[in-house]
Amino acid sequence: MSSPSVYIKTYGCQMNKLDSALVTSALRAAGFGLTDNAKEADVVLINTCSVRDHAEQRVLSHLGHLKHLKKTRPGLMVGVIGCMAQRLGEKLFQHEAVDLVCGPAQIPQIPQLLADALQEKKKTLAIKQKIRQTKKPEDQNLALEQFESAYGIEDRQLPGQAYVRVMHGCNRFCSYCVVPYVRGPEVCRPPAAIIEQIRKLADAGVKQVTLLGQTVNSYKYTAGEKTYCLADLLATASNIAGIEWLKFVTSYPAEEFLDEILQATADSPKVCHYLHMPAQSGSDKILRAMSRHYTAAQYLELLDKARAIVPDIAVAGDFIVGFPGETEEYFQATIDLTRKAKYKNCFIFKYSPRPGTRADKKLQDNIPAEVKKRRNIELLAVQERISDELSRDFLGRQVKVLVEGLSKKAHLNLDQSSSERQLVGRTAEDWIVVFNGPISLAGQFAKVKITKTSPLTLFG
Ligand code: SAM
Ligand code: SF4
């Protein structure tokens, strides 16, 4: 029999994209085939996100579709992996389509679990029973570490780029957030393993590495006498030949190591001038209810400091609107902070109660859906004006971009007989740039002269 082929669908953040790439590598190494076409797959794996209810609903509707597909393809195996698998566990088997449930900490076992499940044709559950075990986190994560380090270049998501996780989990327990419950406590990876991995990726042609952590600036690892922080990783990775751009996301607004990280950003020409540091709200009362341990004024001070050390740093943010108890006055405070922060762009989310979190247990989701929606639209409009103003500065300027590939609208434009296509890339400051060029530029750097701008995109 030919080797079973697997289709992986990924929902959610960069962490999930990286997990899918790791699973792809591991499956290929174990002899599975990988396919981009769900219709010809023997196994469909859905890598899931639990951060908002909407993300889970999308997965459930995908499962509904797979249930129908299984009627015509009874041998098809369906696995739910990642955060939703950890959160819902066995309950997912109530959905007829689901054969395999595997949490984020168990993904190293996926090739074996799949091989067994295919052979024995039985439902398989692999999740962490107690997400906060007392065992030494280093032991718990040995398997994950080995799995992580084996990351193969062929499975990177975008040409010339790779994500490298520097830490697992999160210890912050913001009151609304499910991440610490599904991803477990914070465990930092050894610096030597991270640097070795970046070196391997560089040897294989990767030019940009993005270091990932839920609170990436709190990365800390003690080996012998020395404690390493993210600034050390950035400085060491800057010396690796072939790596030209280093990015890091997401930063938590706290003093911890931020000075050192910003200084490393200013000192190394390879560290990109980009800071993703979510505020979540501009109201001190809401920030307290969210268990975010800073005030709006402290947050803005951190931004001032960042801009003093790295003057042209581009800042991105996240906000949650409609958190329990958010009055119009508190929402106005968020608008004020947004204006003062001068973000390049913002990700704005409507509050979604997550079962098991403190906000869900203790606070009533008392902001009506239409009010959340209105505040979302209002805040987006405020940010759009700021982004528009910032983007206009680029008119007539030449920017360097790392080309990702075809733009989403590539099929709409250009003479099809031409070798030029509409491409998309990003600058070091994470601005999206759309321009015409040959597809052979994917994964390469290009210089683009900006001729038109919109709030989120530069055109050249
Ligand atoms: N660790 C990162 C941080 O603290 O900035 C982000 C992690 S979370 C996956 C990404 C974003 O989702 C958060 O910054 C927050 O704005 C949003 N988010 C998290 N929980 C949410 C919830 N219950 N409802 C709405 N948005 C939420
Ligand atoms: Fe969630 Fe807060 Fe941790 Fe970010 S820092 S992952 S929002 S608990």
Side-chain angles (χ1 to χ4, degrees), residues 10-19 47-57 82-84 86-87 104 131-132 163 165-188 210-219 230 248-254 256 258 275-282 286-294 299 302 315-326 334 337-338 341 343 345-365 367 369 372-373 375-376 379-380 383:
T10 310
Y11 292 92
C13 62
Q14 294 109 325
M15 285 282 178
N16 273 14
K17 288 184 185 149
L18 172 56
D19 283 341
N47 192 0
T48 57
C49 170
S50 282
V51 167
R52 282 167 291 277
D53 183 56
H54 178 66
E56 293 199 346
Q57 293 306 326
C83 296
M84 211 172 147
Q86 180 62 44
R87 195 180 85 71
I131 198 78
R132 298 188 77 80
Y163 293 124
R165 185 169 6 232
V166 300
M167 64 216 279
H168 296 270
C170 183
N171 285 346
R172 290 267 173 190
F173 284 93
C174 302
S175 66
Y176 51 82
C177 184
V178 79
V179 169
Y181 301 92
V182 291
R183 292 255 172 197
E186 184 180 295
V187 180
C188 294
T210 304
L211 304 179
L212 294 185
Q214 294 295 352
T215 59
V216 72
N217 50 322
S218 41
Y219 173 87
L230 190 78
F248 56 93
V249 289
T250 307
S251 296
Y252 184 90
E256 207 183 10
L258 211 57
L275 183 68
H276 182 190
M277 190 164 77
Q280 310 299 0
S281 171
I286 296 294
L287 285 170
R288 207 170 310 130
M290 288 177 161
S291 311
R292 301 281 289 186
H293 300 280
Y294 52 86
Y299 178 86
L302 288 177
V315 183
D318 292 4
F319 285 103
I320 297 177
V321 294
F323 188 78
E326 187 188 64
T334 294
L337 183 135
T338 306
Y343 295 108
N345 70 304
C346 267
F347 302 94
I348 301 166
F349 307 104
K350 291 178 280 215
Y351 172 66
S352 167
R354 305 314 296 132
T357 58
R358 272 182 299 131
D360 186 49
K361 284 189 207 152
K362 298 212 166 116
L363 305 170
Q364 203 196 340
D365 180 20
I367 308 299
K372 287 181 185 169
K373 187 171 167 194
R375 289 181 185 167
N376 191 340
L379 189 55
L380 263 178
Q383 179 54 44

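When a ligand or atom number is given, it counts from 1 through the structure's own listing order. Below, all heavy atoms of this structure are taken into account, side chains as well, without hydrogens, waters or symmetry copies.
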Charged N to carboxylate O under 4.0 angstrom, D19 versus R183?
yes
For the pair S281 (side chain) and L287 (backbone), establish whether a donor and an acceptor sit closer than 3.5 Å, ignoring hydrogens and angles.
no
List ligand 1's nitrogen or oxygen atoms that come under 3.5 Å of a protein nitrogen or oxygen, with the partner atom and distance.
unit_1   : atom_1 : unit_2 : atom_2 : d
ligand 1 : 1 (N)  : Q214   : O      : 2.8
ligand 1 : 1 (N)  : Q214   : OE1    : 2.9
ligand 1 : 4 (O)  : R292   : NH1    : 3.3
ligand 1 : 12 (O) : R52    : NH1    : 3.0
ligand 1 : 14 (O) : Q280   : NE2    : 2.7
ligand 1 : 14 (O) : D318   : OD2    : 2.6
ligand 1 : 16 (O) : Q280   : OE1    : 2.7
ligand 1 : 18 (N) : R52    : NH1    : 3.4
ligand 1 : 23 (N) : Y176   : O      : 3.1
ligand 1 : 23 (N) : S352   : O      : 2.8
ligand 1 : 24 (N) : S352   : N      : 3.0
ligand 1 : 26 (N) : R52    : NH1    : 3.3

Fit a plane to each ring of Y294 and Y299, take the angle between them on a 0 to 90° scale, and name the class: parallel (under 30°), tilted (30 to 60°) or perpendicular (over 60°).
tilted
Which label fits F319 and Y343: parallel for a plane angle under 30°, tilted from 30 to 60°, or perpendicular past 60°?
perpendicular
Please give me the protein atoms (N, O or S only) lying under 2.8 Å from atom 2 (Fe) of ligand 2, ordered by chain and number.
C174 SG
Once side-chain hydrogen bond (donor to acceptor under 3.5 Å, both in side chains) is applied, do any residues pair with S50, and if so which ones, sequence neighbours excluded?
E56
Going by an N to O cut-off under 4.0 Å, is there a salt bridge joining D365 and K372?
yes
Name all residues meeting the ring-ring contact (aromatic ring centres under 6.0 Å, His included) criterion together with Y176; count only those two or more places apart in sequence or in a different chain, and write none if there are none.
none
Evaluation steps, ring pair (Phe, Tyr, Trp, His ring centres under 6.0 Å), between Y181 and F173:
CA-CA 9 Å; Y181 301 92; F173 284 93; 5.3 Å; yes
among protein heavy atoms, the one nearest atom 7 (S) of ligand 2 is Y176 OH, 3.4 Å
With the threshold set at 4.0 Å, does a side-chain nitrogen-carboxylate oxygen contact exist between E326 and R375?
yes
Report yes or no: is the cationic atom of R172 (NZ for Lys, CZ for Arg) closer than 6.0 Å to the six-membered ring centre of Y252, at no more than 45° off its axis?
yes
